[in-house]
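Since the structure comes first, as structure tokens, the remarks are kept for the end.
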Amino acid sequence: MSQPSDKKANQYGVTPQSTDFNDWYNEIVLKADLADYSPVRGAMVVKPYGWALWENIQKILDGQFKATNHEALAFPMFIPMSFLQKEAQHVEGFAPELAVVTHAGGELLEEPLVVRPTSETIIGHCWAKWLKSYRDLPFLHYQWGSVVRWELRPRLFLRTTEFYWHEGHTAHSSHTEAVEETLRLLEIYRSFARDYAAMPVIAGRKTDSERFAGAVDTYSIEAMMGDGKALQAGTSHYLGQNFAKAFEVKFQDENQKEAFAHTTSWAISTRIIGGIIMTHGDDKGLVMPPRLAPIQVVIVPIYRKENQDQMLEAARVLGTELKALGVRVKIDERDGLTNGAKYNYWELRGVPYRIELGPRDLEAGNVVLASRLGGEKEILARGEAIAGLPGKLEAFQNALLEKAETFRNSRIKTADTWDEFVDLIEQGFFVRAFHCGEVESEKKIKELTKATTRNIPMDSEGDLGAAEEGVCVHTGKPAAYGKRIIFARAY
RNA sequence: CGGGGUGUAGCGCAGCCUGGUAGCGCACUUGACUGGGGGUCAAGUGGUCGUGAGUUCAAAUCUCGCCACCCCGACCA
């Protein structure tokens, strides 16, 4: 662990966000014990604390999938190379980043196997076998697993060679139903990000150039990181009949006619952990949203040698009472560290609340409560503190969301002229602007400003999605989409 | 692949110019003292100096090749 003597590090041993946001991010991930580098470039090791966070994310999302009648299953990680080639856009999109197995069992394989970059193709293949009648539909499937994309510039959590996710795949008899499904998942993602990760996101449809390889429409939730850059935190795709036609996913409909299924796919990956870090983290380290935090409250017993056993025991009893209320508690029983070192240790790891329990408190029947969001430490009567903690955790959750929302709202601006647009992007804002919808123009904008279209906000996004007419901020042509869209530099 | 940079203990670095057989801080181990915001003292563990070759009595240090990693750009959940 680096010390305050490090060149760029602050008193907490971390490069401040304002000095270098990227360095800050990398250091936090490593020092907070979320992940580590592996011997393979770009492939990360997720450490227990990071995985515990991911497990909490999985639990919530998995519950929501099941509540909407989806079924979990598992497809293999190896896909015949020829499958990828069946959907033209798809192979074009993924070819550069495929990892391919050419040898197995000591022999050259007749057909190379792709390590799945995503599973639309192999699932399409299987569905074709399973689907006979409209009565079989819909297929509402999803799987938890990992996929491999040979990225050129990996970053812990944000862009790793192998990453963990769930991928949902559904097949429907009608266009309408498939589109409903696509939007249903977008809403599940939006509310998950907001209500659990405390990340305010903009739900919207992607423009042509940002669409998933092989999709008819791609929807995303876009979050704003602490440096103003955008992070695509989840996607939901309406695939139309593209994959159904490539894999002959067809059935006999009510009118005894042969029809192709309409399919969707959707995903949230471990990337969202990077999003949580960069949305809430500060110069002391992580700040975990309580609803996802592996540890919600840490108890630091304060003692001297002569009362060590007594204080540890008191801490354990307190911990047990909190656990009984459903609070995720950790007791820091490590000896030989000063209290200050422990405080910093848990603050770096973003634990929302810390209870200090010392001899004076024990005698007076009090505890000291400190919030990761700062402010004065509170001295509370023991019983009151215990009973009040679940409520405080909720309040903490809300405060985090509010903080993130205030920050985000202050960094979304509207531009009507090109000069304005460039200036705002340069300053790191999300920019609402009209666009003509031409892919060439999007490319040019990216070249000139490094900004891309994030999405076309849904009508439900309030002012951000309000209907409005205007002319393209880049070409001056009439605007497409009937509203302003979001531009930003992105991860 | 293009541009830049770095490889010396787990991490961060010094030593290299001017060759003489490796050092500092943190971490780690042991003990004592300490203990309400990153403690003190003492004693320790840990390195074929990225790799191969060359020059030399002698190479972390000089020469040449190779490799790896990091940062910036194109790609992306």
Side-chain angles (χ1 to χ4, degrees), chain A residues 1-15 20 22-23 26-27 30-31 36-42 92-98 117-118 146-155 157-168 189 206 209-213 218 220-223 230-237 265-275 284-285 300-308 311 334-348 354-362 366-368 370 377 379 443 446-447 450 452 490-491:
Chain A
M1 188 169 303
S2 294
Q3 292 305 305
S5 57
D6 281 10
K7 280 180 223 150
K8 293 185 297 183
N10 62 10
Q11 59 185 310
Y12 301 102
V14 176
T15 300
D20 188 323
N22 289 326
D23 282 356
N26 286 328
E27 286 175 27
L30 297 173
K31 291 181 179 178
D36 198 1
Y37 293 103
S38 83
V40 178
R41 176 189 140 80
E92 191 185 320
F94 281 105
E97 52 189 78
L98 294 178
T118 179
S146 67
V147 290
V148 168
R149 298 181 188 176
W150 218 258
E151 300 291 354
L152 298 173
R153 249 159 74 51
R155 291 198 62 192
F157 288 114
L158 298 175
R159 206 182 310 102
T160 47
T161 301
E162 178 182 15
F163 58 90
Y164 302 87
W165 71 351
H166 63 261
E167 48 179 319
Y189 289 167
K206 286 291 196 180
S209 65
E210 296 283 317
R211 200 186 296 132
F212 175 72
T218 287
S220 72
I221 52 171
E222 301 284 335
L231 184 79
Q232 182 174 311
T235 49
S236 184
H237 312 291
S265 70
W266 27 272
I268 279 183
S269 75
T270 34
R271 169 183 264 194
I272 201 165
I273 291 176
K284 291 183 185 180
V300 179
I302 292 157
Y303 54 82
R304 298 186 178 202
K305 183 141 287 167
E306 59 270 22
N307 56 18
Q308 179 170 356
M311 294 315 300
R334 293 175 298 171
D335 195 20
L337 284 177
T338 62
N339 300 308
K342 289 184 178 182
Y343 301 162
N344 286 307
Y345 180 93
W346 294 111
E347 282 167 2
L348 172 60
R354 177 180 71 246
I355 292 178
E356 302 169 18
L357 182 63
R360 294 203 301 262
D361 309 311
L362 189 63
N366 292 332
V367 299
V368 175
K377 292 185 193 180
I379 299 176
K443 269 190 198 158
K446 184 174 183 184
E447 237 177 81
K450 291 183 189 166
T452 50
Y491 278 97

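Each chain gets a letter, A, B and so on, in the order its sequence line appears, and its residues count up from 1.
Here the C1' atom of nucleotide C1(B) and the CH2 atom of Trp150(A) are 17 Å apart, to the nearest Å. When the P atom of G73(B) is taken as reference, atom NZ of Lys450(A) falls 5 Å away, rounded to whole Å. Between the OH atom of Tyr343(A) and the P atom of G35(B) there is a distance of 14 Å, rounded to whole Å. For Leu362(A) and G36(B), the CG to C1' distance is 14 Å, given to the nearest whole Å. Distance Tyr37(A) OH to C70(B) C1': 9 Å, rounded to the nearest Å. G38(B) atom P lies 18 Å from atom NZ of Lys31(A), rounded to whole Å. Atom OH of Tyr491(A) and atom P of G73(B) are 11 Å apart (whole Å). Rounded to a whole Å, the CD atom of Glu306(A) is 10 Å from the C1' atom of G35(B).
At the heavy-atom level, Gln232(A) lies under 4.0 Å from the strands shown only through sugar-phosphate atoms. As judged by a 4.0 angstrom heavy-atom cut-off over every strand, Val147(A) is placed among residues making no nucleic acid contact. Contacts of Thr160(A) with the nucleic acid, taken as non-hydrogen atoms under 4.0 Å apart, include base atoms. Gly336(A) comes within 4.0 angstrom of a base, heavy atoms only.
For the atom pair CG (Leu158(A)) and CZ (Arg153(A)), the distance works out to 11.0 Å, reported to the nearest 0.5 Å. Here the CD atom belonging to Glu151(A) is positioned 8.5 Å from the OG1 atom belonging to Thr160(A), to the nearest 0.5 angstrom. From Asp335(A), atom CG reaches atom OH of Tyr303(A) across 3.5 Å, with rounding to the nearest 0.5 Å. Note: Leu231(A) CG to Glu222(A) CD = 8.0 Å, rounded to the nearest 0.5 Å.
In this model, no side-chain donor or acceptor of Lys342(A) finds a partner on the base of G36(B) within 3.5 Å. Residue side chain Arg304(A) does not reach the base of G36(B) through any donor-acceptor N/O pair under 3.5 Å, judged by distance alone. If you check distances only, the side chain of Arg149(A) never reaches the base of C76(B) with a donor-acceptor pair under 3.5 Å. No donor-acceptor contact under 3.5 Å links the side chain of Asn339(A) to the base of G38(B). One N or O donor and one acceptor, one from the side chain of Asp335(A) and one from the base of G35(B), sit under 3.5 Å apart.
The P atoms of U56(B) and G4(B) are separated by 34 Å, rounded to the nearest whole Å. With C1' as the reference atom, G19(B) and G54(B) are 15 Å apart, rounded to whole Å. G52(B) sits 25 Å from C13(B) when the P atoms are compared, rounded to a whole Å. The P atoms of C70(B) and C11(B) are separated by 14 Å, rounded to the nearest whole Å. Using atom P as the reference point in both A60(B) and G50(B), the two lie 10 Å apart (nearest Å). The same atom, P, is picked in U8(B) and in A14(B); the two are 11 Å apart, to the nearest Å. C16(B) and G23(B) have their P atoms separated by 15 Å, with the value rounded to a whole Å. With P as the reference atom, C64(B) and U55(B) are 15 Å apart, rounded to whole Å.
Between Tyr189(A) and His166(A), the two ring planes are tilted [angle within 30° to 60°].
Contact annotation: Arg159(A) does not reach the phosphate of C75(B) (side-chain N/O to OP1 or OP2, under 4.0 Å). At A77(B), none of the side-chain N or O atoms of Ser269(A) fall inside 4.0 Å of OP1 or OP2 (strictly under the cut-off). Contact between the side-chain N/O atoms of Arg153(A) and the OP1/OP2 oxygens of C72(B) is found at a separation under 4.0 Å.
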Next item on the list: Would you please test Glu27(A) and Thr15(A) for side chain to side chain donor-acceptor pair (under 3.5 Å) and show each step?
Entry: CA-CA 8 Å; Glu27(A) 286 175 27; Thr15(A) 300; 2.6 Å; yes
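Nearest nucleotide to the side chain of Arg271(A), out of G36(B), G38(B), C76(B): C76(B). Nearest nucleotide to the side chain of Ala341(A), out of G36(B), G38(B), G73(B): G38(B). If you check A77(B), C75(B), C72(B) against the side chain of Glu97(A), the one that comes closest is C75(B). Looking at the side chain of Asn344(A), the nearest of the listed nucleotides U34(B), C72(B), G38(B) is G38(B). Listed nucleotides: G36(B), G39(B), A77(B). Nearest to the side chain of Phe212(A): A77(B). Comparing atom distances between the Lys305(A) side chain and each of G35(B), A77(B), C71(B) picks out G35(B) as nearest.
Within 6.0 Å of NZ in Lys377(A) there are more than 12 heavy atoms belonging to other residues, nucleotides or ligands.
Of the nucleotides present, none pairs with G37(B) by Watson-Crick or G-U wobble criteria with both distances under 3.5 Å. Across all strands shown, C57(B) is found opposite G20(B) as a Watson-Crick or G-U wobble partner, with both distances under 3.5 Å. Base pairing analysis places G47(B) opposite nothing; no Watson-Crick or G-U wobble pair with both distances below 3.5 Å involves it. In a base pair of the Watson-Crick type (N1 to N3 plus N6-O4 or O6-N4) or a G-U wobble (N1-O2 and O6-N3), with each distance short of 3.5 Å, G10(B) is matched with C26(B). Pairing for G2(B) goes to C72(B), judged as Watson-Crick or G-U wobble with the two contacts each under 3.5 Å.
The heavy-atom pair separating Ala370(A) from Glu356(A) by the smallest distance is CB-OE2, 4.5 Å. A pairwise comparison of heavy atoms in Tyr491(A) and Arg159(A) identifies C-NH2, 4.0 Å as the closest pair. Residue Met311(A) comes nearest to Ile302(A) through the heavy atom pair CG-O, 3.5 Å, listed as atom of the first residue, atom of the second, then distance. When every heavy atom of Phe157(A) is checked against every heavy atom of Gly274(A), the shortest pair comes out as CB-N, 3.9 Å.
Remark on RNA chain B: of its neighbouring residues Gly42(A) and Ile268(A), the 5'-side contact belongs to Gly42(A), judged by nearest-heavy-atom nucleotide. Nucleotides of RNA chain B nearest to Lys446(A) and Glu347(A) differ in position, and the one nearer the 5' end is that of Glu347(A).
In this structure, the side chains of Tyr164(A) and Glu162(A) come closer than 4.5 Å at one or more pairs of heavy atoms. The side-chain heavy atoms of Asn22(A) and Arg155(A), taken from C-beta on, include a pair separated by under 4.5 Å.
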Checklist line | Base-contact (B) and sugar-phosphate-only (S) positions in nucleotides 40-47 of chain B, heavy-atom cut-off under 4.0 Å, - elsewhere | finding: --------
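Stacking between Tyr345(A) and G38(B) is absent: the aromatic ring centre is not both under 5.5 angstrom from the base six-membered ring centre and within 30 degrees in plane angle.
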Do any N or O atoms of the protein come closer than 3.5 Å to N or O atoms of nucleotides 2-7 of chain B, and which pairs are they?
none

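None of Arg271(A), Lys206(A), Glu210(A) except one satisfies the side chain to side chain donor-acceptor pair (under 3.5 Å) rule with Gln232(A); the exception is Lys206(A).
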